[in-house]
Amino acid sequence: MNALANLQPPVDMSIADLSLNINSTAVTTSRHSFWDRRGGHPPRILLVTPELSESRFLGRNGKQSPRVKAGGLADVSAMLLDSLSEAGAQVHVALPNFRSLIKAGKHSPRLHLCEDREFCYRRSVYDGCAESNLRAALAFQRDVIHYVLPTIQPDLVHCHDWMTGLVPAAARSMGIPSLFTVHNLHDERTTLSNIEDRGIDAANFWSHLYFDRYPDCYENTREHNPLSMLASGILAADHVNTVSPSFLRELAAGGHGAPWAVIDAIRGKLGAGRAHGFMNALPQGYCPNQDPNLAEKYDAANHPIGKRSNKLALQKLLGLKVDADAPVLFWPSRLDPVQKGCHLLAEILYQLVSDYWALGLQVVFVADGPYKETFQNIAAFHDLKSRIAVRDFSEPLSRLGYAASDFTLMPSSFEPCGLSQLIGQRYGSLPIVHATGGLRDTVRHLNPQQESGNGFAFEVYDAPGLRWAVDEAIRFYICPAPLKDANISRIMEEAGHMFTPSAMMGKYLGIYDKLLELR
């Protein structure tokens, strides 16, 4: 049994306190505080993640640094890897060997590419088939549990999302403390028999997993008692964090249709004082005065000129009406109606363009997902291709979209963290959001006269709520230029100092420090 299980949970803390109260002293301690105490020996940390952006550390000395990305998890994993390595830790990372996504070549010995034919022909991290995703997750974790963990023998394991949900239980059985980070609500369920049939020997850790019913004995549990991968990771880990404070509170309150197993596991960790919520950082590369994808670089001081040039470039590129004075709404995220709220925009899109026709309103989508065809059909049916552009996602075009647009649309039903709203603020494209999760924590409704706030947030999740927020944004857009420009400059400057990698790492180091003491 891990020593952390013997700690007494606090009894006088509210959920809000638990989600936000990481001891400031621990967070700001020297990055070498732990290994200084243990005689100068740096800790060995294993990151287990299905996604990874390019890493400076892995790319040293001519080595290949893979870029396997489906969302913000990839960026966070790379930032953790690089920041911990720079702090002197011995950091290893386990990643599925997606052969069609990872370039062949020499790789760092700190990168452990887990092999299975399930990964060989994938063109993306997550397949459209839940069964295929589960097979990949089990193959990945089989390698981590049976080969990577015994070889590395880490002092700490940091796991990310449901595809790593079995690893904290295995680490617990080996006496290794673990941190489990919840980036999203996606989960898969399976049985112990399926796990073992995929080659994972669960004999030493099956009792730490989260089953539908209490696992009274192995024989009654193996075949007919399904388990939750995400809840198992939460339950077995020594500490859990979500990627925003509000999302942790919303999960504990039973929000967003989260499975009961996940809600129950989160509540248990909160009750024991072993759960926190804090924001992801925005990678340093998102900066309009350095971005090579822009038609013209700019900063908070000269944003009116810079954004005007980028707007004209985007309009010409996409075949929109060339009009530097037209307000542009930008959709940068997945066109997923379950989470992202694109159906709310579809309901009001034609009327929105019609009502603001005299202003020249334009809407640009640079995104993939099941609702892409819906917006293409709206534009074609109403002959609005000079006002509405729908394009496949590409990173360079998306960066130009932030720089060219006036507002970034994120009407998500739930959002564990969100990075697009942070990018929008940094590029002077003010976010229009549903007040939930990380969006609630990062977007305050704008009052231009009082020079407060940094975006537009609506509370009621429906099409009229989104329409109200867009109307508020357009009202700001037609403000006198000095007032509008001053507020955008302020927001861009503030965004450049908030949610930085160093701030995020301070939070993680505070948790690492406490967990590593257990060793």
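For Phe180, the ring-ring contact (aromatic ring centres under 6.0 Å, His included) criterion is met by no residue, not counting sequence neighbours. Legend: residues meeting ring-ring contact (aromatic ring centres under 6.0 Å, His included) with Tyr218, ordered by chain and number and at least two apart, are Trp206.
Arg56 CZ to Glu86 CD: the interatomic distance, rounded to the nearest 0.5 Å, is 4.5 Å.
Below 30°, between 30° and 60°, or above 60°: for His434 and Tyr461 the angle between ring planes is between 30° and 60°, a tilted geometry. The aromatic rings of His186 and Trp162 lie tilted to each other, with the angle between the two planes from 30° to 60°.
Tyr402 and Asp291 form no side-chain donor-acceptor contact under 3.5 Å, judged by distance and modelled atom types alone. Looking at Ser246 and Ser244, their side chains never bring a donor and an acceptor atom within 3.5 Å of each other.
Listed here is the closest heavy atom pair of Phe57 and Val91: CE2-O, 4.4 Å.
Ion pair Arg222/Asp197 flagged as a salt bridge, since at least one NZ, NE, NH1 or NH2 atom sits closer than 4.0 Å to an Asp/Glu carboxylate oxygen. With salt bridges taken as basic N to acidic carboxylate O contacts below 4.0 Å, none links Glu51 and Arg67. Ion pairing between Asp116 and Arg142 holds under the 4.0 Å rule for side-chain N and carboxylate O.
In this structure, Arg399 forms a cation-pi arrangement with Tyr286, its terminal cationic atom sitting closer than 6.0 Å to the ring centre and no more than 45° off the ring axis.
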